[in-house]
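Read the structure below first, then the notes.
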Protein chains: 2
Amino acid sequence: MTTPATHRPRRADALSRERIVEAAIEILDRSGEQALTVRALTSHLSTGRGAIYYRVAGMDDLLAAAADEVIRAVTDRAAGDGDPDSALRSLSLGIFDAIDAHPWVGSQLAREPLQPAVLRIWKCIGVQLWELGVRGSATADAGGALANYIFGSAAQFAAGARRARNQAERRRYLDALATAWTEQDAGHIVREAAAELRDHDDRHQFLAGVDIFLSGIKARAK
Amino acid sequence: MTTPATHRPRRADALSRERIVEAAIEILDRSGEQALTVRALTSHLSTGRGAIYYRVAGMDDLLAAAADEVIRAVTDRAAGDGDPDSALRSLSLGIFDAIDAHPWVGSQLAREPLQPAVLRIWKCIGVQLWELGVRGSATADAGGALANYIFGSAAQFAAGARRARNQAERRRYLDALATAWTEQDAGHIVREAAAELRDHDDRHQFLAGVDIFLSGIKARAK
DNA sequence: ACCTGAACACCGTTCAAGT
DNA sequence: ACCTGAACACCGTTCAAGT
């Protein structure tokens, strides 16, 4: 009865920052953002609550590390992709798809400008803009425009994807909204916009925005 | 000793949704986002915790209502502003300044696509795009591009403004980052971008982004 | 109809104690 | 060096009871 090997064995293999981040991603993917609690994480790793804090500064650090893990895969892939135009497009699409698969990344990207994942994206964009011939202060202007567009879209789509389980509810809401706008404003200006709002495809619209941005860069470069 | 008029008088004036939202804005402005708790709010209004839930669905509803209050002032002002180009520019600037004054609005805008403040901005943009001559599905594409750029920038600047009290820390961080990038990549491509990142002015860069999108929209309209 | 405040079911983080 | 888990100081929300 006093043998030290009991039903709850002390961890055989050592914990590591990587294992913790990996477990966090699993929980986030399976059950969403508000399911990632220290308690859920430590029980998933079958360890004590405090153990995490030995490897990770806190919840913010953990979330940032998890997002960086997902984003790194995207930026690494987009690195050597032919002409800068299509490299920027495929980087954008990669991020979009990553958020589609991991909605929590979308909210996380908008949360903190100096987190690793955000800086990674900035850097990736900066390199391609150079290839595009953008120089000097125009680099920060153009990079900020594209990056912030991506972050804004990411957050909005993430919220949509989070709610996608009951897509019927979303549909109902947008329908109601379109009706409300139509009744409020006599003009067909708003009515048309409301119809578009209801019927658009996220992915297609996201890419259209990237193209608008690229057109803008080139128009101003002349 | 049994008189009902004691040291804690039951509220003389009735609570109202407006009063609650107003109090929430005060707390958010003075002490930031994480200071807005039900406890802080009810003690500020000197009422019981549950009283709020009679007028407001919960914390999400309250935050959305507070943001809408701030944004409405901006969109109302931008409504009749000459040509659509400068109307869109002054709308954007109005939002930027509002976030500068109320950083919590920036984070809130990125949180939920179907909240009143977001829809208000969408609508405002949509009307101006029509004036610009944008029609059909291009409306949603262009509107989404500009709106999501604004939301993304809003969130990033909000985080910056939140941290602005110790601007020295931000400076130090960006310096360190620029150095790290410079050492990591031999090329001056990254070095230049890093320098720009450190020295840029938020407001100016934000406006440059708006112009890039406007240029893009016009280039594609032809 | 509207408000009160105790009760409930949670959080993240710290830290003395263990191995 | 690394882990454990109780303790601490909080949360948002509900709801029976009051006025």
Side-chain angles (χ1 to χ4, degrees), chain A residues 1-25 27-28 31-67 104 107-108 111-112 115, chain B residues 1-25 27-28 31-67 104 107-108 111-112 115:
Chain A
M1 275 305 185
T2 43
T3 89
T6 57
H7 60 292
R8 168 80 99 111
R10 194 183 164 103
R11 303 192 52 75
D13 47 344
L15 225 41
S16 70
R17 194 178 155 93
E18 288 75 37
R19 281 180 59 82
I20 294 174
V21 171
E22 190 190 347
I25 292 177
I27 294 174
L28 288 163
S31 318
E33 203 157 353
Q34 90 279 65
L36 180 65
T37 65
V38 177
R39 279 154 179 84
L41 187 62
T42 50
S43 107
H44 188 85
L45 289 165
S46 55
T47 183
R49 307 216 197 300
I52 291 185
Y53 292 87
Y54 197 82
R55 312 280 186 175
V56 152
M59 219 46 178
D60 288 353
D61 183 30
L62 182 56
L63 235 12
W104 51 274
S107 338
Q108 177 56 30
R111 203 136 40 208
E112 168 58 49
Q115 69 180 302
Chain B
M1 277 301 184
T2 44
T3 87
T6 57
H7 60 294
R8 169 81 98 111
R10 195 183 162 101
R11 303 192 52 76
D13 46 343
L15 226 39
S16 71
R17 194 177 156 94
E18 289 74 38
R19 279 181 60 79
I20 293 174
V21 171
E22 189 190 347
I25 292 178
I27 293 175
L28 287 163
S31 319
E33 203 158 350
Q34 91 279 60
L36 180 65
T37 65
V38 176
R39 281 154 177 84
L41 187 62
T42 51
S43 107
H44 188 86
L45 289 164
S46 53
T47 183
R49 306 214 197 300
I52 290 184
Y53 292 86
Y54 198 82
R55 312 280 185 174
V56 153
M59 218 47 180
D60 288 353
D61 184 30
L62 182 57
L63 236 12
W104 51 273
S107 340
Q108 176 57 28
R111 202 134 42 207
E112 167 59 48
Q115 69 180 302

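Chain letters run A, B, ... following the sequence lines, proteins first, then strands; residues in each count from 1.
With rounding to whole Å, A/I52 atom CD1 is found 16 Å from D/dC2 atom P. As rounded to whole Å, 14 Å separates atom C1' of D/dT13 from atom CG of B/L41. One interatomic measurement links the two molecules: CG of A/L36 to P of C/dG12, which rounds to 8 Å at whole-angstrom precision. In this structure, the OH atom of B/Y53 is 13 Å from the C1' atom of D/dC15, given to the nearest Å. Rounded to a whole Å, the CZ atom of B/R17 is 18 Å from the C1' atom of C/dC3. Between B/I27 atom CD1 and D/dG12 atom P the separation is 11 Å, expressed in whole Å. Rounded to a whole Å, the CZ atom of A/R19 is 14 Å from the C1' atom of D/dC3. C/dG12 atom C1' lies 20 Å from atom OH of A/Y54, rounded to whole Å.
Base pairing annotation: D/dC2 forms a Watson-Crick or G-U wobble pair with C/dG18, both donor-acceptor distances under 3.5 Å. In this structure C/dG12 sits in a base pair with D/dC8, meeting the Watson-Crick or G-U test at under 3.5 Å.
For the pair B/Q115 (side chain) and B/Q108 (backbone), a donor-acceptor distance under 3.5 Å is present.
You won't find any donor-acceptor pair under 3.5 Å spanning the side chain of B/R49 and the base of D/dG12, going by distance alone.
Annotation: side chain of B/L41 is not in contact with side chain of B/M59 (no heavy-atom distance under 4.5 Å). Between A/R111 and A/D60 the shortest side-chain heavy-atom distance does not fall below 4.5 Å. The side-chain heavy atoms of A/L63 and A/E112, taken from C-beta on, include no pair separated by under 4.5 Å.
Considering only side-chain atoms of A/R55, the nucleotide from C/dG12, D/dC2, D/dG12 that sits closest is D/dC2.
Remark on DNA chain C: of its neighbouring residues B/R39 and B/S16, the 5'-side contact belongs to B/S16, judged by nearest-heavy-atom nucleotide. Judged by closest nucleotide on DNA chain C, A/Q34 is the one of A/G50 and A/Q34 placed further toward the 5' end.
Remark: of the listed residues A/T42, A/L45, A/I25, A/L45 is the sole one forming a side chain to side chain contact (heavy atoms under 4.5 Å, CB included) with A/I20.
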